[in-house]
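Residue numbers begin at 1 in each chain, while the letters A, B, ... track the order of the sequences.
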Amino acid sequence: MLMREEVMGAVEAILFVRAEQVGIDELVEILDIPLLELRVLMREMLSDYNQNKNRGVQILEVDGFYLMCTNPAYSDILTRMEKPGRKRLSPAALDTLAIIAYRQPVTRAEIEQVRGVKADRIINNLLEKGLILELGFKPVVGKPVTYGTSEEFLRVFGLTSLKELPAIMEET
Amino acid sequence: MLMREEVMGAVEAILFVRAEQVGIDELVEILDIPLLELRVLMREMLSDYNQNKNRGVQILEVDGFYLMCTNPAYSDILTRMEKPGRKRLSPAALDTLAIIAYRQPVTRAEIEQVRGVKADRIINNLLEKGLILELGFKPVVGKPVTYGTSEEFLRVFGLTSLKELPAIMEET
Amino acid sequence: MTIDKVMSNLAYVVDLESFHGPLDLLLYLIEENELDIYDIPIASISDQYLSYLQASGDFDLDKMGDFLIMASYLLNLKSQMLLPKRPAVEEEESELLDPRQELVQKLLDYKKYKNAAEYLQQRQSGEISRVFYRSSDLQYLPNRELAAETTMLFRAYQTLLREYNKSEGTYLLPQGDVNIADKMEEISNLLHRKPEGMVFQDLFAEVHNLREALALFLALLELLRLQRVQAIQDQAFGEIIVSLRVAI
């Protein structure tokens, strides 16, 4: 049997890990504690938790479901925080990505030929962001790595398939 | 300018939302507060936060990175809660992952030498799952790709840093 | 243990796939027989190893390849061991010349990582007390652009107005004055109950007249301004989802 403080700690841990609404029934099941007792404890816990207006995290109760989320007071700061997908790509990165998207599989040398500048740093950056992948090797001397776009690329640009890319005319 | 309490609240909110390690430099940038001041604040905050042994959530500092995670005291309860749908790794995948974790950066050939079998399929699988990453190239003939473990690896195995992996001894 | 005994343990067909590879199988045989890894009786081990391969039923070269390479290596070792020893040299040196040395090193190395794999497995299954991170599934939701532009909301509102004008025939008397602060409270309450957010139009479901609709709309704008709620549109002209501004 868990102590009062331990139950509260456990609830905190559960709500933290789950990152979604958790029903009181489920908490009863996980913690193996009577519903009525838990209800009283939760009421206390929530009032403790949300008492401090400066806390970064709060627990909401909605119709018997509990949710751990941030205090709206900090939404300004949180929007300032760069979200992974929100980051804007630099124009150079977009150029490179466009070349890769339309010409995949394409090697580093081919990209550099089109852009007229070195592309190492940008390619590594795009790889890190998961927007492009190494597809394999081109069967020529030196077996250079070939690159293509990833699933993540489709997602970020809201495409369902590469076929959705608008046709571009090969200029002469 | 944020008040002391507000800074702590904001840090709590940021660590909560990010759900991974956040560097102090990034916190400085988001909060727009001098590094030294933040350092002092963080020290206080961590000692406050982790003081109560029954808390469900703790904040750890690992090499200048901050991480919000659960108190290990509740690992029993949280394991019980884990969704059964969570796929377990096959023994062969675990073997391979262990070799990568302990020997990173490591090449495919090195892994295969230890395991005595081909590892292509398993490595691709681990890459897909995001448990390992391509780190770079080994500066030897053929420039083979080297692999290492990812943040996701730490997350899945509940490690706060690679240093937590126990030394493996040469057993007889 | 004799080969016969091993074979009798193999009444069923051996599933080679349950071994992670030839080294795993070898290690299993050594442990089963409680042998000293530094002094493996190559002859008997290679016989047992071969029996296992034979007992494994279907002969899939793809799966067996690595096991067969090990088999030929073992047989080669066996024949080396059977060769008469060269005239005695320094003891240290003769140890270095033990043809089994490479195999021993490989097995030790493999065993080390096998233990590490076991440790990882225990961590994953929570047998070792560990920390948990927040489940990150939410981070992989499609990226959504913040669309707090009021023009977009006005357009939606105009559409709503048009709907109301159609039903002008039935005119309900306003129940006293409509207060914007009340409406703000009302919206907050509605959204509290739905952390995932509500479609913009649904907020107006209970609205009875234009006056109330206007109050509700102004209340929503005020909440947006105060950053207590957010309006998100997944794509241009798509549905506008209004939700409380908390991060989960």
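Heavy-atom neighbours of E44(A) CD from other residues, nucleotides or ligands within 6.0 Å: above the threshold of 12. Counting non-hydrogen atoms of neighbouring residues, nucleotides and ligands closer than 6.0 angstrom, the CD atom of Q113(A) reaches no more than 12 such neighbours.
For M8(B), no part lies under 4.5 angstrom from a heavy atom of chain A. Proximity to chain B is absent for every atom of N124(A), based on heavy atoms less than 4.5 angstrom apart.
Pairs passing the side chain to side chain donor-acceptor pair (under 3.5 Å) check and including a residue from residues 62-77 of chain B, sequence neighbours excluded, read D63(B)-K163(B). Screening residues 105-164 of chain B for ring pair (Phe, Tyr, Trp, His ring centres under 6.0 Å) gives F153(B)-F157(B) as the qualifying pairs, with residues at least two apart or on separate chains.
Note that CD of E12(B) and CG of N52(A) are 9.0 Å apart. Values are rounded to the nearest 0.5 Å. Taking CD1 of I77(B) as the start and CD of E6(A) as the end, the distance is 8.0 Å to the nearest 0.5 Å. Rounding to the nearest 0.5 Å places CD of E151(A) at 10.0 Å from CD of E128(B).
Considering all non-hydrogen atoms of both residues, A13(B) and G56(A) come closest at CB-O, 3.6 Å. Of all heavy-atom pairs between E5(A) and N54(B), the closest is CB-ND2, 3.4 Å.
Side-chain contact between I14(A) and M81(B) is present, with heavy atoms from C-beta onward closer than 4.5 Å. Here the side chains of L127(A) and E134(B) are not in contact, with every heavy-atom distance at 4.5 Å or above.
Here G9(B) is the residue among A10(B), G142(B), C69(B), G9(B) with the most heavy-atom pairs under 4.5 Å with chain A.
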